[in-house]
Amino acid sequence: MMDRVRIAPSPTGPLHIGTARTALFNFLHARHVEGTFVLRLEDTDVARSTLAFEKDILEGLHWLGMDWDEGPEVAGDGSRGPYAPYRQMQRLPSYAAAAELLLAADQAYPCFCTSEELAADRQAQEAAKLPPKYVGRCAGLTSEERAAFVAEGRRGALRFRVGEGVVAFDDLVRGHVEIDVSNLGGDFVIVRSDGTPLYHFTVVVDDAAMQITKVIRGEDHLSNTPKHILLFRALGYQVPEFAHLPLILNADRSKMSKRKSQTALDDYIAQGFIREALVNYLALLGWSSGNEDEVLSIDEIIARFDINAIHKGGAVFDRERLEWLNGQWIRRLEPDELIDRLRPFVAAELAAGRIERMPSDEELRSLLPVVQERLPTLGAIGDLVGFLWVEDVAVEPAMLVPKRWDVETTRAGLAAARELIAHAGAVSFEADELEPPLRALAEARGWKAGDLFMAIRVAVTGRTATPPLFDTLVALGHERALARIDRAVEVLDGG
RNA sequence: GCCCCCAUCGUCUAGAGGCCUAGGACGCCACCCUUUCAAGGUGGAGAUCAGGGGUUCGAAUCCCCUUGGGGGUACCA
């Protein structure tokens, strides 16, 4: 079956993790069935829509690895696909035509109620403990009455007649759903009094125009679906199938929101989450492969994706699990790939003044063996080995002294270690050459090797948790290693 | 309020009547590995399958009720 699905974001904010997930499910289904994935921008909320957000959304989807078969080429302009344009504000004529059709058939009518009247109605209904609903004041206006309003200079909004009855549909994930039209809140506005169309209207006109066969979207639209179905029918369009995805939740199980969670994809990218992990994680929120495989590439997910296996219950966004998956995927990256992805994060450290020079690709490459399995996110690189890229590290005297040692022992340990390291470095400076003599030194003095190593570690890095010591010394280089030990001894002496 | 949807370890989930004294993963704890930190390995705690009724020889799985949670209810999308 040639399914056509779509993601229809509103450029009223940066790409939201929930939008990305909905896009992903549409994309996965499209690719799994070899259908068509359409991207449409719903920018009818002119006041809140911006080109910057549009750009952010398109770039974010691309970054995640989702390419659309039809849709805007880039932010601002350019479209590809037979149903262009794919921006609603450029499709105004088609909404106007559809509105005209409904008006002519009296399935919609102009409403001249003022916002004050509407607010008063709502207040009265609330006071009477009744559900809010349009009272239908303008539903029966004669053409003379309408003309009179127009003569007054008032411009009407267009309301759709919902009529009576029960709307039923078979949701691909929820099963059979029925909603009585009387619960829809009365005749609803489809075109504002300023002439711009509203979401419930445009979404139907466009899904029909773009031949969408399956509408895969968040569960928050489930209750609105009858409105859409009514519109599809009134316009004489074929009703598509629906699949309502479970919501992504905050820790308190309410709908994921900016207020309680980090929702902008950009923020995850900035922290060093990689696309493989994000895609993998998002796909597993509300869907599972059915077996115990969890670390899956996008291609593996496409191969296994099944719209019928989508869950019904909402899923709490668990950042810890995302981080674990991110680590899994960072460890799977090829060296060159990892270096490429790490570079901007090192540059960011430099820009932030946390390091003082930019390491070369070769230097980064030499670090990969000790760094790759220690990065939960790319953004952790500075914290992990940033001490390599600064001239001096700040060393706390107290931290310098291992738990079992006193100041005097530490001084002696560092001094003796310095001699050995200086000597070792005279020949070659490699991790294998460093360990035996230092271990021997500890044994000769009756020290625990770990204590000696810890003193050196803190001396050269300023921290107690680092990659393996000997690799660290080598990465630091002979000269700097010695200099830092000298400096640490000074610090110990109260310098 | 009204309408709709949902309900398995803290979290993501496996489970589509007997394979379940409910499996995996994250997180947590312990141990192993080990120079610290990670990674990795092993093991453990953690769910009377929200509660109550049915149906059935047999229910986490089917039905009903209750409870809880969520979503919707705009001239936002």
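By convention in this document, chain letters (A, B, ...) are assigned in the order of the sequence lines, proteins followed by strands, and residues within each chain are numbered from 1.
One finds the CZ atom of R304(A) at 7.0 Å from the CH2 atom of W287(A) (value rounded to the nearest 0.5 Å).
R253(A) comes within contact range of the sugar-phosphate backbone alone, with a heavy-atom separation under 4.0 Å but no base atom that close. Within the 4.0 angstrom heavy-atom criterion, no nucleotide atom of any strand lies near P376(A). Within 4.0 Å of L452(A), counting heavy atoms only, lies no atom of the nucleic acid at all. As judged by a 4.0 angstrom heavy-atom cut-off over every strand, A449(A) is placed among residues making no nucleic acid contact. Note on P467(A): a base of the nucleic acid sits closer than 4.0 angstrom, heavy atoms only. As judged by a 4.0 angstrom heavy-atom cut-off over every strand, G313(A) is placed among residues touching the sugar-phosphate backbone only. In this structure, Q88(A) reaches neither bases nor backbone, as no heavy-atom distance under 4.0 Å exists between it and the strands shown.
Base-pair partner of C26(B): G10(B) (Watson-Crick or G-U wobble, both distances under 3.5 Å).
Distances shown here put every side-chain N or O of H244(A) at or beyond 4.0 Å from the OP1 or OP2 atom of C5(B). A sub-4.0 Å separation between OP1 or OP2 of G40(B) and a side-chain N or O of Q328(A) is present.
Atom name P, nucleotides A30(B) and A45(B): the rounded distance is 15 Å, in whole Å.
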